[in-house]
Asker: 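Attaching a single structure in structure tokens format; questions to follow.
This one's a predicted model, so the numbers in the text were calculated from it and none came from an experiment. What's counted below: heavy atoms across the whole structure, side chains too, no hydrogens, waters or symmetry copies.
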Amino acid sequence: VSEISSIFYPNKIKEKIAVTGTNGKTSIVDYTRQIWDLKEINNGCLGTLGVFNKKKKILNLQLTTPDPVTLNRILNKLYSSGCRKMILEASSIGLEQNRLFPLKFEKIAFTNLTNDHLDYHKSFKKYKLAKSLLFTKYSKKSTIAVVNTDTKYSSFFQTLCKKKKLKVLDFGKKAIFLKIDSIKKVKDSFYVNISLKNQKSKIIFHCVSIYEIYNRICSLILVFGEKLSFRDFDLLKSITNPPGRLENIYKKKDIKVFVDYAHTPDALKNVLSSLRKTCKGNLILVFGCGGERDKEKRIMMTREALAFSDNIIITDDNPRNEDPNKIIDDMMKGLKRSFLQKIKKIRNRENAIKYSIKILKKYDVLLIAGKGHENYQIIRNKKNFFSDKLTALKFLGTKDVMES
């Protein structure tokens, strides 16, 4: 089906890029799109946020990596509109199900690898092998691989590149191409010392977390490749975080409210640890876990929440056809009584957000996690309209939206 649809919907887009990994795919894809837009390059991108072309969203997607017929139809449409470059998110399930076949990418990127989708893959080993297909099955001799060296499984992917004789443009503290020498937090920014092509420079990143720095660097390498220079980093001053990715929706009265898509233990840890460093008051968290998804990560996410948060409100996420009470029981299984004192259960997500805003005090930070940009909640087989962002703004008594 994949091969037939690629013949039926042909395209000759000059440069195709795919990004895989557990966390960061959506941000990297969107940053790359924004940089291409700034350079006035007709481009397309597709993934969790939908399909974009000519600075506009043109389509919503049901899946991060769409089915092959939908994918090839989109690529054909993008090519017909004059699209020269495109980037997409390659999910582990999409890779394993051959949704991208028979595409070969000019550039591929690996972000990181932590527990996710084990309800589908059954083991972490199979999950890792599914991700590796982007490097073994969808690359060609001239493909350039962009790899984050500062993640646990980077050596696994670099070994794959070596076997396939792919050129690697790595980045991180252990990297050869773009080496991060040091990262220093200064007020609301990071000062990052970077070595690139035997030259050194200090780059200021205006962001909240270190993982945002890595995602933005990855995007720059995907755009410029070996030609990347320090002056290209100036483009980062004009890009913003995608919707629902550490999105600062409120910053008044010495209170900050963020919405984030974090729905894996590692993603939640990264967001909370970043906010913890800047929070002068209490760090309050609202989150839940999805139904009919990896059950192992539920208690893991709660433990990450307990490690960084002062107050935790556990609520419904997308329970789907699973009993929401059972999901919350899994999230709290085996916790000590002392830990339970930090947790409040409010199943109704709107009421949970309302309560979290009610207890906000001066210098507090609130994170509403798990759904990010999503404007729906799936209960049984019904998709109900629901937005964390709009709900929070309603109870905060403002229509203003902060820039992230």
Side-chain angles (χ1 to χ4, degrees), residues 22-23 26 48-50 60-64 91-93 114-122 127 243-245 247 258-269 271-272 284-306 309 311-335 339-340 342-358 366-395:
T22 306
N23 302 312
T26 302
T48 307
L49 298 178
N60 283 313
L61 293 174
Q62 297 298 315
L63 301 168
T64 297
S91 70
S92 58
I93 298 171
T114 59
N115 278 36
D116 201 15
H117 299 304
L118 298 192
D119 54 310
Y120 176 88
H121 296 289
K122 304 305 178 188
Y127 174 55
R245 268 60 181 179
E247 187 178 359
F258 292 86
V259 170
D260 194 86
Y261 190 57
H263 60 281
T264 66
D266 193 59
L268 193 62
K269 176 184 177 181
V271 177
L272 287 172
I284 301 165
L285 170 66
V286 176
F287 87 114
C289 289
E292 299 178 337
R293 295 294 184 269
D294 185 3
K295 295 179 182 180
E296 287 181 25
K297 71 180 181 184
R298 291 173 183 174
I299 187 61
M300 295 166 68
M301 290 186 69
T302 305
R303 292 192 188 282
E304 295 295 356
L306 286 163
S309 310
N311 299 90
I312 300 165
I313 298 98
I314 288 181
T315 188
D316 287 355
D317 189 277
N318 290 323
R320 298 182 176 86
N321 287 302
E322 194 172 347
D323 179 2
N325 292 307
K326 177 68 171 63
I327 296 171
I328 291 175
D329 287 345
D330 286 345
M331 293 174 69
M332 301 175 69
K333 191 180 291 181
L335 293 180
F339 287 148
L340 295 174
K342 291 174 70 172
I343 298 173
K344 186 174 182 68
K345 293 188 290 182
I346 303 177
R347 280 233 358 243
N348 181 286
R349 196 170 180 92
E350 183 173 0
N351 290 340
I353 293 171
K354 183 180 181 180
Y355 173 81
S356 69
I357 290 167
K358 188 179 178 181
L366 168 62
L367 171 65
I368 305 168
K371 292 179 63 59
H373 67 285
E374 290 179 354
N375 60 0
Y376 59 83
Q377 189 176 27
I378 305 171
I379 301 172
R380 295 188 179 88
N381 292 318
K382 193 174 180 184
K383 212 173 190 180
N384 305 295
F385 178 82
F386 189 88
S387 164
D388 282 354
K389 181 176 176 177
L390 294 178
T391 303
L393 290 173
K394 178 176 76 173
F395 293 121

Asker: Would you say His121 and Ile93 make side-chain contact, with heavy atoms under 4.5 Å?
Answerer: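 Sidechains of Ile93 and His121: in contact.
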Asker: Are any of the side-chain heavy atoms of Asp266 and Thr22 separated by less than 4.5 Å?
Answerer: no
Asker: Could you measure the distance from the OG1 atom of Thr114 to the CG atom of Asn23? Nearest 0.5 Å is fine.
Answerer: 4.5 Å
Asker: Begin with the C-alpha distance, continue with both residues' side-chain angles, and end with the deciding distance and a verdict on side-chain contact (heavy atoms from CB on, under 4.5 Å) for Arg303 and Leu335.
Answerer: CA-CA 9 Å; Arg303 292 192 188 282; Leu335 293 180; 3.9 Å; yes
Asker: Under 4.5 Å between any side-chain heavy atoms of Thr48 and Tyr261, yes or no?
Answerer: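 Contact flag for Thr48/Tyr261 side chains = yes.
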Asker: For Arg347 and Asn325, work out which heavy atoms get closest and say how close.
Answerer: CD-OD1, 3.5 Å
Asker: Looking only at atom types and distance, does a side-chain atom of Lys342 sit under 3.5 Å from a main-chain N or O of Ser309, one as donor and one as acceptor?
Answerer: yes
Asker: Going by heavy atoms in the side chains, are Arg349 and Asp388 under 4.5 Å from each other?
Answerer: yes
Asker: Can you sort out the partners of Asn321 under side-chain contact (heavy atoms from CB on, under 4.5 Å), two or more places apart, ordered by chain and number?
Answerer: Glu292, Arg380, Asn381
Asker: With rounding to the nearest 0.5 Å, note down the distance linking CG in Asp260 to CD in Glu247.
Answerer: 9.5 Å
Asker: Could you pull out the closest heavy-atom pair between Leu366 and Ser356, with the gap in Å?
Answerer: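 The pair with the smallest heavy-atom distance is CD2-OG, 3.4 Å.
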Asker: Between Ile346 and Ala352, what is the shortest heavy-atom contact and its length?
Answerer: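 Looks like CG2-N, 3.6 Å.
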Asker: Using a 4.5 Å cut-off on heavy atoms from C-beta on, say whether the side chain of Arg320 contacts that of Arg293.
Answerer: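 Of all side-chain heavy-atom pairs linking Arg320 with Arg293, at least one is under 4.5 Å.
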Asker: Without hydrogens or angle criteria, can the side chains of Asn318 and Lys371 be said to hold a donor-acceptor pair below 3.5 Å?
Answerer: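 Side chains of Asn318 and Lys371: pair found under 3.5 Å.
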Asker: Can you list everything that forms a ring pair (Phe, Tyr, Trp, His ring centres under 6.0 Å) with Phe287? Sequence neighbours excluded, please.
Answerer: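 Phe287: no ring pair (Phe, Tyr, Trp, His ring centres under 6.0 Å) contacts found.
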Asker: Is any side-chain heavy atom of Lys297 less than 4.5 Å from a side-chain heavy atom of Thr264?
Answerer: yes
Asker: From Lys333 NZ over to Lys326 NZ, what is the distance, rounded to the nearest 0.5 angstrom?
Answerer: 5.0 Å
Asker: Holding to side-chain contact (heavy atoms from CB on, under 4.5 Å), I want the full list of residues that pass it with Arg298, two or more places apart in sequence or in another chain.
Answerer: Cys289, Lys295, Glu322, Ile327, Asp330, Met331
Asker: Quick check on side chain to side chain contact (heavy atoms under 4.5 Å, CB included): which of Ile284, Ile313, Asn311, Val286 does Tyr355 satisfy it with?
Answerer: Ile313
Asker: For residues Phe395 and Glu350, determine if any side-chain heavy atom of one lies less than 4.5 Å from a side-chain heavy atom of the other.
Answerer: yes
Asker: For Ala305 versus Leu272, what's the shortest heavy-atom pair and its separation?
Answerer: CA-CD1, 3.8 Å
Asker: Closer than 3.5 angstrom, by distance alone: can the side chain of Ser387 be matched with the main-chain N or O of Leu390 as a donor-acceptor pair?
Answerer: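 Yes: the side chain of Ser387 pairs with the backbone of Leu390.
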Asker: Output the distance between atom NE2 (His263) and atom CE (Met301), rounded to the nearest 0.5 Å.
Answerer: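 Answer rounded to 0.5 Å: 8.0 Å.
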Asker: So how far is it from Thr26 OG1 to Arg245 CZ, rounded to the nearest 0.5 Å?
Answerer: 4.0 Å
Asker: Which atom pair, heavy atoms only, marks the closest approach of Pro243 to His373?
Answerer: O-CB, 3.6 Å
Asker: Picking from Thr315, Asn348, Asp316, Asp317, what satisfies side chain to side chain contact (heavy atoms under 4.5 Å, CB included) with Pro324?
Answerer: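 So, applying the side chain to side chain contact (heavy atoms under 4.5 Å, CB included) to Pro324 and each of Thr315, Asn348, Asp316, Asp317, only Asp316 qualifies.
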